[in-house]
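These numbers come from the heavy atoms of this one structure, side chains and all, not from hydrogens, waters or symmetry mates.
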Amino acid sequence: MTDNKAIRVVAAGVDASLMAQLAQDAGGGRVEAAALGDMQGARLVKKGQADFYLGTCWSGGGGALAAATAILGAKQVGIVGTPGMVVTEERVRTMVGEGRIAFGFAYEQTATAIPLIIKAILAHRDAQAG
């Protein structure tokens with residue numbers, strides 16, 4: 001049996017509104033997503049008012065995760081893609097399994113990265129619910 005409680009995701013960065021919509025769509029009714037500024041989004045995750053942070057910028061590492069790294073700590077964030085590093089299901093699954101809660105990627109990877117991240121989060125949650 002799985003927990004039906006929605007996963008709360010904040011999206012920040014380049015075209016955050018599109019990111020939030022993609023996250024909700026990928027979640028099939030199990031994800032609530034909001035587009036926010038990076039500082040506000042990271043603070044909500046820190047306070048437990050959101051579960052995950054998705055950040056994007058042109059490089060996938062700098063601006064995408066700067067606020068999340070400062071607020072959540074380096075062990076909580078992971079770069080899943082950059083212009084020179086393709087987003088892979090294995091990398092995303094590994095980071096989710098390690099307990100990372102903030103993910104950064106290059107804007108051009110948005111359509112690929114977000115569904116993979118949401119899929120991995122939901123699969124991890126389902127496995128834990130057993």
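Among all heavy-atom pairs drawn from Leu72 and Ala42, the shortest one is CD2-O, 3.8 Å. The minimum heavy-atom distance linking Met19 with Ala11 is given by the pair CB-CB, 3.7 Å. Scanning all heavy atoms of the two residues, the minimum distance from Ala23 to Leu54 falls at CB-CD1, 4.2 Å. Residues Ala102 and Ala68 approach most closely at CB-CB, 3.9 Å, considering heavy atoms. Here the closest non-hydrogen pair linking Val31 and Gly27 is CG2-CA, 3.6 Å. The nearest pair of heavy atoms linking Ala35 to Ala20 is N-CB, 3.8 Å.
Atom CE of Met39 sits about 11.5 Å away from atom CG of Leu44, to the nearest 0.5 Å. Here the CD-CG distance, from Glu89 to Leu116, works out to 6.0 Å after rounding to the nearest 0.5 Å. Here CD of Glu98 is found 7.0 Å from CE of Met95. Values are rounded to the nearest 0.5 Å. Note: Ile114 CD1 to Gln24 CD = 11.5 Å, rounded to the nearest 0.5 Å. In this structure, CG on Asp38 lies 10.0 Å from CD on Gln40, to the nearest 0.5 angstrom. The distance from the CG atom of Leu22 to the OG1 atom of Thr112 is 10.0 Å, given to the nearest 0.5 Å.
The main-chain N or O of Gly48 is found under 3.5 Å from a side-chain atom of Arg8 such that the two form a donor-acceptor pair. Looking only at distances, a side-chain donor or acceptor of Gln109 sits under 3.5 Å from a matching main-chain atom of Met85. The closest donor-acceptor contact from the side chain of Arg91 to the backbone of Val86 lies under 3.5 Å.
In this structure the side chain of Arg125 reaches within 4.5 angstrom of the side chain of Lys5, judged on heavy atoms. Between Val92 and Phe105, the closest side-chain pair of non-hydrogen atoms is not below 4.5 Å. Between Thr56 and Asp15, every side-chain heavy-atom pair lies at or beyond the 4.5 Å cut-off.
Here the options are Val9, Val10, Leu36, the test is side-chain contact (heavy atoms from CB on, under 4.5 Å), and the partner is Tyr53; only Val10 passes.
Ring-plane geometry between Phe103 and Phe52 is classed as parallel, the angle between the planes falling under 30 degrees on a 0 to 90 degree scale with a further cut at 60.
For Glu108, the side-chain contact (heavy atoms from CB on, under 4.5 Å) criterion is met by Pro83, Ala106, not counting sequence neighbours. Evaluation of the side chain to side chain donor-acceptor pair (under 3.5 Å) rule for Glu90 yields no partner, not counting sequence neighbours.
Taking a cutoff of 4.0 Å between a charged side-chain nitrogen and a carboxylate oxygen, Arg30 and Asp126 qualify as a salt bridge.
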